[in-house]
Amino acid sequence: QVQLVESGGGLVQAGGSLRLSCVASDRTFMSYAMSWFRQAPGKEREFAAAVSWNGINTVYSDSVKGRFTISRDNAKNTVYLRMNSLKPEDTAVYYCAKGLYSHISLRPDDFGSWGQGTPVTVSP
């Protein structure tokens, strides 16, 4: 099973930016859609963004659309989440997940591997 390792989280002031990275352990990464989820304290995990295997198709939740950008570099086995105009409500642990298909599918059972998460804290 592929291993996913997130990084790039931290503390930032509202209005600031961060870029999260998720590195996969093997080359199968390039064949599958990838997603970012987040879980705020005391809340359920929620979907944030997804990208298809070739980076052409993307999907965003309404809460991050227009502020976050998901992208990938298959040569580096890496998916990114650029987060701009951060708000305190974006505070959460952010997880990347590998899909089971090359296209984007957001059904709960359509994810094969998850990272350990990277925390993001946005101060007012």
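Residues: numbered from 1 along the sequence shown. Every heavy atom of this structure was used, including side-chain atoms; hydrogens, water molecules and symmetry mates were not.
- No more than 12 heavy atoms of other residues, nucleotides or ligands lie within 6.0 Å of CD in Gln13, so this atom counts as exposed by the packing criterion.
- Within the model, atoms CH2 of Trp36 and SG of Cys22 stand 5.0 Å from one another, a figure rounded to the nearest 0.5 Å.
- Contact annotation: the side chain of Lys98 never approaches that of Val79 to less than 4.5 Å [non-hydrogen atoms, C-beta and beyond].
- Within the 4.5 Å cutoff, the side chain of Leu18 has heavy atoms near those of the Val120 side chain.
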Legend entry - side-chain contact (heavy atoms from CB on, under 4.5 Å) between Ser31 and Ser102, worked out: CA-CA 6 Å; Ser31 300; Ser102 59; 5.9 Å; no

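- Once rounded to the nearest 0.5 Å, the distance linking CD of Gln3 with CD of Gln116 reads 10.0 Å.
- Side-chain contact between Asn74 and Arg27 is absent, with no heavy atoms from C-beta onward closer than 4.5 Å.
- Rounded to the nearest 0.5 Å, atoms OG (Ser17) and CE (Met83) are 8.5 Å apart.
- Ring pair Phe47/Phe37 is perpendicular by interplanar angle, where above 60° counts as perpendicular and below 30° as parallel.
- Between His103 and Tyr101, the ring planes lie parallel to each other; the angle is under 30°, not in the 30° to 60° tilted range.
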Inset, instruction - Could you go through the side-chain hydrogen bond (donor to acceptor under 3.5 Å, both in side chains) check for Tyr94 and Arg38 one step at a time? - result: CA-CA 4 Å; Tyr94 284 72; Arg38 65 185 186 181; 3.0 Å; yes

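- Closest approach of Leu81 to Ala49, counting heavy atoms only: CD1-CB, 4.1 Å.
- In this structure the side chain of Met34 reaches within 4.5 angstrom of the side chain of Phe29, judged on heavy atoms.
- Between the CG atom of Leu86 and the OG1 atom of Thr91 there is a distance of 8.5 Å, given to the nearest 0.5 Å.
- A salt bridge does not link Lys87 with Asp90: every distance from a Lys NZ or Arg NE/NH1/NH2 to an Asp or Glu carboxylate oxygen is 4.0 Å or more.
- Under a 3.5 Å cut-off, the side chain of Thr78 and the backbone N or O of Lys76 do form a donor-acceptor pair.
- The nearest pair of heavy atoms linking Arg72 to Tyr32 is NH1-O, 2.7 Å.
- Atom-to-atom distance recorded for Asp26:CG and Leu4:CG is 9.0 Å, nearest 0.5 angstrom.
- Judged as a ring-ring contact (aromatic ring centres under 6.0 Å, His included), and not counting sequence neighbours, Tyr60 has no contacts.
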